[in-house]
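Worksheet: the structure to be examined is printed underneath.
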Amino acid sequence: MEVEYKKKPIRSYVIRGGRMTEGQKNAFEKWWPHYGMRLADGLINPAEVFGRVAPLVVEIGFGMGDSLLEMAQAEPDKNFIGIEVHPPGVGRLIHLAGKAQVQNLRVYMADAKDVMEDCIPSQAIDRFQLYFPDPWHKKKHNKRRIVQAEFMALVSEKVKVGGVVHLATDWAPYAEHMMEVLCLSSSLKNTADEYQFSPKPDYRPETKFERRGERLGHGVWDLLFTRPE
């Protein structure tokens, strides 16, 4: 499978080589027809995609897929859509999901902005997740950060009234940037006090990045916002 994307001036990621294992390669042949979603197919109807009506969780940048798979298995009453551009992670996720016979998961291997714009209906998402995105810590690269006012406006338009926008990072300057962007949004409201971070919800598994950060003495910041009426 090839990564699908439209031509845009600034990307929040870099396509890295990354070798796929034989299991990941075989996963695309065996499991992509079941789990894979195509950007070219356009706007989806989640009820048709999953064959049922259920709360929809959308996660951008699931990496190697461990935490997303864990959440999908722990919350079988919800439908999950993961978006990732790197083939090894996608291959690994669908391989493990297939082995575990997980039915409430689908995957896009495409640019997140394109998927959100072209494939996700307005007010369709019950919970939006963006965990540990690339902080692009050099000032000259800050414009590449995915959490920007324009993108979060797109996200909030796709989230249902009463739905949740959940971001997490282990990079303090990015946490402050995220907080500023979300607090300035006219369509999102902090579930904690103003300009306050939230405790990690039980549904978010501890990731390898989080464990590594803890070993290095780094903090982790969760931001939970909702779309009010």
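Because the structure is predicted, anything quoted here is derived from the model rather than measured.
Counting heavy atoms from C-beta outward, Y35 and V90 have side chains that stay 4.5 Å or more apart. Under the 4.5 Å side-chain criterion, counting only non-hydrogen atoms from C-beta, I60 is in contact with F128. Here the side chains of D222 and F197 are not in contact, with every heavy-atom distance at 4.5 Å or above. For the pair M109 and W32, the minimum side-chain heavy-atom distance is below 4.5 Å.
Residues D134 and R145 are not paired through a salt bridge, judged by the lack of any N-O separation under 4.0 Å between the basic side chain and the carboxylate.
Side-chain heavy atoms closer than 4.5 Å link hydrophobic residues (I, L, V, M, F, W, Y) into clusters, and following such links, even through other members, never connects V107 to L43. No chain of hydrophobic side-chain contacts below 4.5 Å, direct or via other Ile, Leu, Val, Met, Phe, Trp or Tyr residues, connects M64 to L68.
Smallest separation of non-hydrogen atoms from Y174 and P135: CD2-CA, 3.4 Å. Closest approach of I146 to P133, counting heavy atoms only: CG2-CB, 4.1 Å. When all heavy atoms of V102 and L69 are compared, the closest pair comes out as CG2-CD1, 3.7 Å.
A donor-acceptor pair under 3.5 Å links the side-chain atoms of K158 to the main chain of M116, judged by distance alone. The backbone N or O of L188 sits nowhere less than 3.5 Å from a side-chain atom of S156 that would complete a donor-acceptor pair. A donor-acceptor pair under 3.5 Å is absent between the side-chain atoms of D193 and the main chain of Q196, judged by distance alone. When atom types are taken as modelled, the side chain of Q148 and the backbone of E150 share no donor-acceptor pair closer than 3.5 angstrom. A distance-only check finds no donor-acceptor pair linking the side chain of D118 to the backbone of G42 [under 3.5 Å]. Under a 3.5 Å cut-off, the side chain of R106 and the backbone N or O of G36 do not form any donor-acceptor pair. Judged purely by atom type and a 3.5 angstrom limit, K200 uses its side chain to pair as donor or acceptor with the backbone of R204. With hydrogens and angles ignored, the 3.5 Å screen pairs no side-chain donor or acceptor of T226 with any backbone N or O of P228.
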Should E75 and F80 be marked as a side-chain contact (heavy atoms from CB on, under 4.5 Å) after you check the CA-CA gap, both sets of side-chain angles, and the distance that decides it? CA-CA 9 Å; E75 300 182 271; F80 287 78; 3.7 Å; yes

How far apart are the C-alpha atoms of V58 and Q129, what are their side-chain angles, what is the distance that settles it, and do they pass the side-chain contact (heavy atoms from CB on, under 4.5 Å) test? CA-CA 6 Å; V58 173; Q129 303 177 168; over 6 Å; no

Derivation and outcome, side-chain contact (heavy atoms from CB on, under 4.5 Å), residues L154 and E117: CA-CA 7 Å; L154 171 63; E117 287 177 348; 3.6 Å; yes

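In E180, the CD atom is not crowded: 12 or fewer heavy atoms of neighbouring residues, nucleotides or ligands sit closer than 6.0 Å. Around the CG atom of D202, the shell of radius 6.0 Å holds no more than 12 heavy atoms that belong to other residues, nucleotides or ligands.
Taking the centre of each ring, H166 and Y203 come in below the 6.0 Å mark.
Interatomic distance, S67 OG to L93 CG, rounded to the nearest 0.5 Å: 9.5 Å. Distance check, rounded to the nearest 0.5 Å: CD of E59 to CD1 of I125 gives 12.0 Å.
Using modelled atom types and a 3.5 Å distance limit, the side chains of R52 and N79 yield a donor-acceptor pair.
Geometric assessment of R38 against the ring of Y108 yields a negative cation-pi assignment under the 6.0 Å and 45° thresholds.
For the side-chain contact (heavy atoms from CB on, under 4.5 Å) test with K78, the passing option among L56, D126, L105, V57 is V57; the others fail.
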